[in-house]
There are 2 protein chains.
Amino acid sequence: MTGKPENSNNISKIEQQLRSQLESMYQLAVSVDCVIFGYDDEDLKVLVIESDMPKYKGMLSLPGYLVDPDTDLEEAAQIVLKDRTGLSDLYMEQVMAFGERDRHPLGRVITIAYYSLVEINKFQPPSDQKNKPQWLSLNQVNELAFDHKKILETCLQRLRLRLQEQPLGFNLLPDKFSLKQLQRLYESVLGIELDKRNFRRKLKSLDVLIDLGEFQKAVSNRPAKLYKFDLEKYNAKKKKGMFMNF
Amino acid sequence: MTGKPENSNNISKIEQQLRSQLESMYQLAVSVDCVIFGYDDEDLKVLVIESDMPKYKGMLSLPGYLVDPDTDLEEAAQIVLKDRTGLSDLYMEQVMAFGERDRHPLGRVITIAYYSLVEINKFQPPSDQKNKPQWLSLNQVNELAFDHKKILETCLQRLRLRLQEQPLGFNLLPDKFSLKQLQRLYESVLGIELDKRNFRRKLKSLDVLIDLGEFQKAVSNRPAKLYKFDLEKYNAKKKKGMFMNF
DNA sequence: TAGACAAAGTGTTAAAGTGACACTAATATA
DNA sequence: TATATTAGTGTCACTTTAACACTTTGTCTA
């Protein structure tokens, strides 16, 4: 599995590059690590890969990228996203830097963590790709390589915060969605239960949904109305803050 | 002023160090920049120094430090604080990394911004110190060197956020303070006016102040009661969040 | 095609929180 | 002792939140 020739080549190239940078005079490197969130109507998930580093070989880790001097930090994070999922122009936010001295086995690497939100259907990892990218349910995350567990938790915390002050959830859902889907999203990200009627009342008062007049199809019960997010209305109101005080 | 021999020596040492690091193979350096906030019963202030960099010579900038490979990021920020004010164990929070390619005139320097809260009376900058550290009122900040204006604004925004979810204000005030002082602090940091009675009601309901039974002295009017912050009570309640929804 | 099943959708009420507002109390000083 | 200055206090109308149960609409199947 981790012994494929193609895989090995890749490992050593990345590792060599990093080693040479760390062996240079200043001996300090900077990376970005991305927490790419997806949501599949059940769980919040995160995109993980199998680590290349000898010490963590085979362990799951967050996709990252070594920042070279000619690349903006933001750009570097976009590169990770693009490389791993083929997607761009997604919601992405920097969270913070992680810079403990011993966080990386090969030397001093300070990493900047970003998280981004992906509609999960837009990217299904091909099964034969190197590093075996995969969607992992957040409640199935055990250990991760490096300090990535801590990074993931920090990013999740930030996402929760944001979700309560801005209607970010739409980034994780398909264009058309039902109120129930939206509620379930809030419930699984925030880890709480919400009252259906109160949730709907709140959303109505925010007034950022467009009723499409369409309905779910192929469900074996009363189909739900479908809505889409009204970006324009949202942008017009944004400044005042839109709190979901659950 | 900027021509003092002692000063010049310092400039070149710092600059040489940085240059040599940037000229090394990997050509990327990491710094920390600190927004040190103080409050003097009137205004929120920030500690600034005069810049050493040729391009920004004499301009005001935030105190910073070049992170060397053996120093934790957090530690580096503490060093800046300690070096500049002599103080340690203060409230300090990392905000985020700033990593635009051209943010630094000498080359690629990614910086991590921290802010911290200081009781302003605990540090009065000596007038003869190099780089002329000084407290600058936030509403007197015009331009700063590098992207430090942006960094300052981001840190201020974070402080405002935090102030509304945790009673951080106490870090900026002396141990004993009146309710009026506390209200003025909130008003100047948040940039809004608050109703005296509503403010007091809110604070009473949070129940994290200890009435010291003491009063202001040497004021030419009715002296106000003095309070102190009840750290224990606060820690016991903290988890539930303590929102000041002004 | 009628009845059972499953999820969608809908309002009310009590409690808590917020915002607006004006007078009395205590001290220093002239 | 009168005046000036700031401290300190309560109420009411309104808004927001939390808790709670039944009807509607479609599909499936007997």
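We name chains A, B, ... by the order of the sequence lines, and we start the count at 1 in each one.
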What about [X]: does its side chain form a donor-acceptor pair under 3.5 Å with the base of [N]?
| X | N | result |
| --- | --- | --- |
| B:Lys202 | C:dG17 | no |
| B:Arg201 | C:dG19 | yes |
| B:Lys225 | D:dG8 | no |
| B:Arg197 | C:dA22 | yes |

Rounded to whole Å, please give me the gap between [atom1] in [X] and [atom2] in [N].
| X | N | atom1 | atom2 | answer |
| --- | --- | --- | --- | --- |
| B:Lys217 | D:dA7 | NZ | P | 17 Å |
| B:Asp41 | D:dT6 | CG | C1' | 14 Å |
| B:Leu179 | D:dG8 | CG | P | 6 Å |
| B:Lys196 | C:dC23 | NZ | C1' | 11 Å |
| A:Leu203 | C:dG9 | CG | P | 13 Å |
| B:Arg200 | D:dT11 | CZ | C1' | 17 Å |
| A:Asn198 | C:dT13 | CG | P | 15 Å |
| B:Phe199 | C:dA20 | CZ | C1' | 17 Å |

Do the side chains of [X] and [Y] get close enough for a salt bridge, i.e. N-O under 4.0 angstrom?
| X | Y | value |
| --- | --- | --- |
| B:Lys45 | B:Asp40 | yes |
| B:Glu50 | B:Lys130 | no |
| B:Lys122 | B:Asp89 | no |
| B:Asp175 | B:Lys228 | no |

Subject >> Residue list, side chain to side chain contact (heavy atoms under 4.5 Å, CB included) with A:Arg201, at least two apart or on another chain >> reply: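 Partners of A:Arg201 under the side chain to side chain contact (heavy atoms under 4.5 Å, CB included) test: A:Asn198.
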Listing time: all N or O pairs from protein to nucleotides 2-7 of chain C that are below 3.5 Å?
from	atom 1	to	atom 2	distance (Å)
C:dA7	O4'	A:Asn221	ND2	3.2

Original post:
Among B:Lys132, B:His148, B:Gln134, which one satisfies side chain to side chain contact (heavy atoms under 4.5 Å, CB included) with B:Leu60?
Top reply: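 It is B:Gln134; the other options fail the test.
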**OP:** Take A:Pro223 and B:Tyr227, find for each the nucleotide of DNA chain D with the closest heavy atom, and name the residue whose nucleotide sits nearer the 5' end.
**Re:**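 So the residue in question is B:Tyr227.
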Subject >> Residues which pass side chain to side chain donor-acceptor pair (under 3.5 Å) with B:Glu214, listed by chain and number, not counting sequence neighbours >> reply: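 With neighbours one apart ignored, the set is B:Lys176.
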